[in-house]
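Since the structure comes first, as structure tokens, the remarks are kept for the end.
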Amino acid sequence: MTKHVKIFDTTLRDGEQAPGFSMSSGQKLAMAEALEGLGVDIIEAGFAAASPGDFEAIKTIAETVKDSTICSLARCNEGDIRASGEAIKPAQSGRIHTFIATSPLHREYKLKMSKDEIVRRAIEGVELCRQYTDDVEFSAEDAIRTERDYLKRVVEAAIKAGATTINIPDTVGYTTPEEIQNLFEFLTTEIEGADKAVFSAHCHDDLGLAVANSLAAIRGGARQVECALNGIGERAGNCATEEVVMALNTRKDFFGLSTGIKTEGLYGASKLLATLTGNPVPRNKAIVGKNAFAHESGIHQHGVLANRETYEIMKPEDVGVSTDNLVLGKHSGRAALKNRASKLGFEMSDNQLQSVFVAFKQLADAKKEVFDADLEALILGEAVGTQGPWEIKSLYVSAGSDENRHPLATVRLQHEDGREQEQVSAASGPMNAVFDAISHITDKPMKLEHFSVNSVSGGEDAMAEATVRVTTEFESYQGRGASTDTVLAGAKAYLDVINRIERRAVRQSSIAAQH
Ligand code: KIV
Ligand code: ZN
């Protein structure tokens with residue numbers, strides 16, 4: 001059996017479909033390029049039939065990404081499969097992932113279909129997928145709660161119909177390591193035609209076991225693992241890409257297996273996802289959390305200084321966490337900036353480098369020292385963060401504890417179509433006054449759900465990173481902004497949301513015009 005475990009990343013499908021993690025097409029493309037850079041074998045780019053926006057995003061990714069296989073999800077029905085087939089057409093290497101539920105609960109209450117009918121649908125679905133591509137994945141949804149003999153029957157039929165990957169999802173995060181290892185041992189040895197397909201695990205984290213279960217499935221014979229960066233996904237999420245990869249990597253002595261992931265890119269990719277979706281990574285998150293390599297207690301520090309291996313099983317550099325902190329100053333040039341960014345896991349195009357360089361010079365003028373964390377915030381804001389149409393031209397805020405006067409914000413915005421407008425707003429707090437002024441100018445009333453500001457590095461002139469979560473009548477959005485000025489960072493985060501909404505509306509009307 002091969003020693004290579006394929007990494008099938010579903011950040012852009014199972015991850016993106018979870019509430020609070022939606023991304024625009026441009027953001028999905030930026031994320032897909034980062035996944036390609038990481039060396040992911042298969043990128044599940046979305047669910048083509050879900051919406052015209054999903055279809056377009058998959059197609060754009062398929063046109064752009066060359067080194068990873070691009071996959072679209074489809075239920076076992078003609079419309080879904082044809083939409084997926086069309087969306088992946090431009091890909092150098094394209095896959096359709098088709099699924100149907102097989103467990104008694106799903107058969108009876110969701111599908112209202114007999115066992116025979118489901119087998120027939122699975123066969124027809126896989127055969128139709130094969131008209132578009134030779135690379136077809138079949139999933140038996142809720143496989144873990146499916147009777148073994150019936151699961152065997154469905155999987156054998158799917159392989160016979162032409163499926164080249166068989167995915168066994170733990171859809172509800174119910175299994176345990178021993179149970180799933182045993183199931184994979186059974187399937188990979190007892191299924192007729194098992195040698196014609198790669199077996200795959202797809203574990204959810206409802207009981208906090210997704211990574212352990214995926215590793216156990218691999219021990220049982222799985223040679224593809226489905227995972228998402230930062231563990232995002234439906235409900236409690238999916239198996240975390242960075243965790244399963246680093247477990248296989250760090251314990252190669254135990255598993256004897258490898259992946260094609262360039263692990264030094266993990267931290268940058270995780271941070272990019274957090275920025276694009278506005279969901280910060282918890283400090284204590286394994287592999288990519290801020291504390292993952294921090295040693296605070298005296299005993300630990302003493303040990304690490306004497307020999308890093310006393311308390312470190314991985315090197316921070318192995319996952320792209322930088323340890324030398326002081327980076328650049330105002331005399332540093334483009335090459336130094338590019339080099340440093342690359343060490344932090346960010347590969348920038350010439351255009352991105354140019355805009356980051358301009359922002360870097362401004363920052364270096366405002367700050368004495370530019371740390372890695374500052375640079376990271378800057379790159380994420382300039383190179384991959386969202387752009388216009390609205391831009392802040394000026395912002396002035398007055399605030400204080402005078403009972404007779406409300407905090408005031410004067411905000412001037414410019415639209416890319418040339419419009420410029422100023423608004424003065426008063427509110428109970430200075431940030432609320434800023435948000436109110438921005439909403440007024442852009443004519444976008446929104447409900448603020450959450451606002452937070454973090455300092456990304458040390459010192460009194462540290463960069464601030466602000467995130468906001470707001471709801472409109474229809475949806476929830478996240479936005480992010482960074483600046484050495486806290487109020488400006490908050491204003492940028494709020495405007496980031498408005499820009500997302502406007503760009504989305506423009507995109508949707510252009511898609512509608514094409515149909
Ligand atoms: O969890 C699940 O069952 C899925 C399938 C669509 C593979 O996400
Ligand atoms: Zn899932």
Side-chain angles (χ1 to χ4, degrees), residues 6-22 41-50 54 58 69 71-77 79-81 83-84 87-88 95-107 109-111 118 121-122 125-126 129 135-146 150-151 154-155 158 163-175 179-180 183-184 187 197-211 213-214 217 222 224-241 243-244:
K6 290 188 190 187
I7 298 299
F8 176 108
D9 187 282
T10 187
T11 304
L12 294 172
R13 199 279 297 167
D14 211 317
E16 203 261 349
Q17 80 191 39
F21 288 91
S22 67
D41 297 277
I42 304 111
I43 297 172
E44 189 165 45
F47 187 174
D54 257 48
I58 298 168
T69 295
C71 174
S72 168
L73 182 71
R75 286 164 296 187
C76 272
N77 70 50
D80 275 26
I81 293 170
S84 287
I88 62 155
R95 171 181 295 192
I96 303 177
H97 173 192
T98 190
F99 75 98
I100 191 159
T102 52
S103 68
L105 274 168
H106 282 241
R107 289 195 310 258
Y109 296 101
K110 188 179 85 172
L111 298 175
I118 288 170
R121 289 281 290 268
V126 171
C129 291
D135 189 348
V136 175
E137 172 168 334
F138 172 77
S139 279
E141 192 189 8
D142 204 15
I144 291 295
R145 296 190 296 172
T146 301
Y150 181 58
L151 183 61
V154 179
V155 168
T164 45
T165 301
I166 294 294
N167 185 39
I168 304 296
D170 181 17
T171 304
V172 291
Y174 181 70
T175 196
E179 184 180 68
I180 197 169
L183 178 63
F184 272 80
L187 293 170
V198 172
F199 281 77
S200 164
H202 176 111
C203 296
H204 279 272
D205 207 31
D206 300 66
L207 295 173
L209 291 171
V211 175
N213 287 338
S214 302
Q224 172 177 292
V225 63
E226 304 203 352
C227 43
L229 280 168
N230 299 346
I232 69 172
E234 280 283 1
R235 304 180 313 279
N238 283 92
C239 167
T241 304
E243 294 179 22
V244 74

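Each ligand, and each atom within it, is numbered from 1 in the order the structure gives. Heavy atoms only: backbone and side chains are in, while hydrogens, waters and symmetry mates are out.
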Subject >> Heavy-atom side-chain contact between Arg145 and Thr171 under 4.5 Å >> reply: no
Subject >> Ion pair check, Arg13 and Glu226, cut-off under 4.0 Å >> reply: no
Original post:
Between Tyr150 and Arg107, is there a cation-pi geometry (under 6.0 Å to ring centre, at most 45° from the normal)?
Top reply: yes
Could you tell me, for ligand 1, which of its N or O atoms are under 3.5 Å from any protein N or O, listing the pairs and their distances rounded to 0.1 Å?
{"residue": "ligand 1", "atom": "1 (O)", "partner": "His202", "partner atom": "NE2", "Å": "3.2"}
{"residue": "ligand 1", "atom": "1 (O)", "partner": "His204", "partner atom": "NE2", "Å": "3.0"}
{"residue": "ligand 1", "atom": "3 (O)", "partner": "Thr171", "partner atom": "OG1", "Å": "2.6"}
{"residue": "ligand 1", "atom": "8 (O)", "partner": "Arg13", "partner atom": "NH2", "Å": "3.0"}
{"residue": "ligand 1", "atom": "8 (O)", "partner": "Asp14", "partner atom": "OD2", "Å": "3.0"}
{"residue": "ligand 1", "atom": "8 (O)", "partner": "His202", "partner atom": "NE2", "Å": "3.1"}

Looking at [X] and [Y], what are the two nearest heavy atoms and their distance?
| X | Y | result |
| --- | --- | --- |
| Cys203 | Ile180 | SG-CD1, 3.8 Å |
| Ile7 | Cys227 | CG2-SG, 3.8 Å |
| Ala228 | Asp9 | CA-OD2, 4.0 Å |

Original post:
Quick one: side-chain contact (heavy atoms from CB on, under 4.5 Å) partners of Leu111, sequence neighbours excluded?
Top reply: Ile100, Ala101, Met113, Ile118
Original post:
With sequence neighbours excluded, what pairs up with Phe99 under the ring pair (Phe, Tyr, Trp, His ring centres under 6.0 Å) test?
Top reply: none
Original post:
Any sub-3.5 Å donor-acceptor pair from Ser72's side-chain atoms to Ala48's backbone N or O?
Top reply: yes
Original post:
Which atoms of the protein, restricted to N, O or S, are nearer than 2.8 Å to the Zn ion (ligand 2)?
Top reply: Asp14 OD2, His202 NE2, His204 NE2
